[in-house]
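Worksheet for the structure shown next.
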Amino acid sequence: MLNRRRLLAALATLAVAGTGGLRALAAEKRRLPWRNWSGSQHCLPEQRVAPASVADLQELLASSTGVVRPVGAGHSFSPLVPTDGTLVSLSRLGGVSAVDADSLQATIGGGTRLGDIGQPLQDAGQALLNMPDIDEQTLAGCIATATHGTGIDLGCMSSFVTGLQLVDARGQVVDCDADNNPELFQAARVSLGSLGLITQVRLQNTQPYRLRREAIWMELEEILANAELLAASHRNFEFYYVPFSGWGFTDTHDITDEPIGATDREDPNEGVMSLKSVRDWMESAPALRRFALGTYARFLDREVTVANSWSNYASERNVRFNEMEYHLPRESGLQALREVISTLESSHHEVFFPLEVRFVKADDIWLSPFQGRDSVSIAVHRYFEEDYQPYFTALEPIFRKYGGRPHWGKLNTLTAADFRELYPHWDDFAEIRRQMDPGGRFLNPYLSRLFAAAAG
């Protein structure tokens with residue numbers, strides 16, 4: 001209550017002081033710290049701004065100097081955001097601004113949260129083709145990092161983009177699509193926020209649809225034996241494996257006309273914390289842990305949820321974590337997973353978060369991790385209060401052995417030389433980046449290490 005009183009007192013003081021009080025506060029140039037969702041990335045920028053219009057953003061870039069980095073919901077774990085310069089939120093540049101009923105395309109503000117797109121699109125007679133399982137991210141952030149859902153016939157979010165509007169380092173508005181500035185379009189669909197600030201995205205959508213989601217618990221060997229068949233048989237398919245249990249569950253989505261409804265569903269956040277408790281009790285007794293978790297899994301019922309597509313994709317993630325995710329060639333993904341599980345269960349009894357495995361269609365985007373190949377994505381997590389480095393350090397060589405490309409928003413240790421080997425168009429992207437931002441204004445320390453040679 002004391003903190004609330006202090007807050008109210010401060011707000012009252014500002015209200016009484018009017019604009020003079022606000023000017024005095026601005027004059028102090030009080031820095032506001034930034035942290036990502038997990039707390040693993042942080043910075044103390046010179047200023048944090050949220051332009052109310054594209055014109056305001058243009059003025060900011062044209063009249064200022066120094067590093068500028070876009071910031072969305074903070075759901076990236078890699079150091080894409082931190083800077084001691086200026087952080088720009090596009091949260092006020094959001095919403096569905098135009099809908100084309102014939103082409104089923106829509107123009108959406110880059111600062112729009114994914115969770116705020118579904119209902120307006122449905123009201124306009126459209127729906128996103130696919131979504132990731134967290135809907136807190138901004139659309140621009142998803143595009144910049146090739147965020148993805150799952151489905152062997154469905155690409156990452158960037159693959160649905162048909163046009164982009166950016167504000168470049170000079171404060172100029174630049175539009176691009178497959179016919180207008182096509183090379184910039186190829187680069188900008190996955191850009192790491194290093195070409196300019198994405199203010200508008202034109203997306204290819206589809207007609208509204210309803211999904212039937214079904215989650216079924218199975219022994220791991222049964223999942224692995226049927227994974228390819230399940231991936232081919234369902235519109236969306238992924239699965240999870242619970243470490244030290246021998247069990248996991250499949251998660252499928254299929255288009256349906258069934259009425260909206262759901263069976264009883266376990267709270268996934270409570271489930272994760274229950275796994276933590278079991279870890280705490282039985283970390284030194286892996287055989288007992290496997291018996292307890294495996295026995296429990298045998299009695300879990302299948303879950304079925306029928307809902308509008310946009311509300312069935314996403315799940316609420318309230319238990320914070322740090323994450324590494326690699327995208328591997330589809331033909332070697334499950335073999336890599338077996339090695340990951342073997343390493344995990346032989347050497348890392350401290351881990352309790354489930355492993356997540358998804359399938360993603362190939363695309364042709366220069367810096368997309370799915371460029372040129374269908375992929376299996378394997379994501380591993382550590383509780384945010386625990387040291388992730390030993391676990392991730394043990395697994396990353398496995399991912400790299402199989403030619404894995406890391407998710408741009410997830411933790412990895414790759415260098416510019418590593419990325420150049422993985423991406424045939426790395427140098428093409430770097431050249432476009434140099435043209436768009438010759439002074440390196442969009443390069444924070446991490447991106448400078450990747451692109452400094454092309455910065456000036």
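None of the values given here were measured: they were computed from a predicted structure.
- Shown are Leu114, Leu128, Asn130; of these, the side chain to side chain contact (heavy atoms under 4.5 Å, CB included) with Tyr313 is made only by Asn130.
- Glu396 and Thr413 share a side-chain donor-acceptor pair at under 3.5 Å.
- With 3.5 Å as the limit, one finds no donor-acceptor pair spanning the side chains of Tyr391 and Glu350.
- Checked against the 6.0 Å centroid criterion, the rings of Trp426 and Phe419 qualify as a close aromatic pair.
- Here the two rings, on Phe321 and Phe77, have centers that are under 6.0 Å apart.
- For the residue pair Thr86 / Gln47, a side-chain donor-acceptor distance below 3.5 Å is found, with atom types taken as modelled.
- No side-chain donor-acceptor contact under 3.5 Å links Thr263 and Glu303.
- The structure places CD of Gln186 at 10.0 Å from CG of Leu367, a figure rounded to the nearest 0.5 Å.
- Annotation: cation-pi geometry not satisfied between Arg235 and Phe237 (NZ/CZ under 6.0 angstrom from ring centroid, within 45° of ring axis).
- Under the side-chain hydrogen bond (donor to acceptor under 3.5 Å, both in side chains) test applied with His327, the options Ser368, Ser377, Ser375 reduce to a single match, Ser377.
- Ring centroids of His234 and His253 are separated by 6.0 Å or more, keeping the two rings apart.
- Checking Ser76 against Ser78 by side-chain atom types alone, no donor-acceptor pair falls below 3.5 Å.
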Exercise for the section: Evaluate ring pair (Phe, Tyr, Trp, His ring centres under 6.0 Å) for Trp408 paired with Tyr326, printing each intermediate quantity in order. Expected result: CA-CA 9 Å; Trp408 285 112; Tyr326 266 78; over 10 Å; no
Practice task
Could you walk me through whether Asp254 and Glu214 pass the side-chain contact (heavy atoms from CB on, under 4.5 Å) test, one step at a time?
Solution key: CA-CA 9 Å; Asp254 292 290; Glu214 187 169 17; over 6 Å; no
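- Between the side chains of Asn236 and Thr150, no donor N or O sits under 3.5 Å from an acceptor N or O.
- Side-chain contact, Gln119 with Trp310: no donor N or O sits under 3.5 Å from an acceptor N or O.
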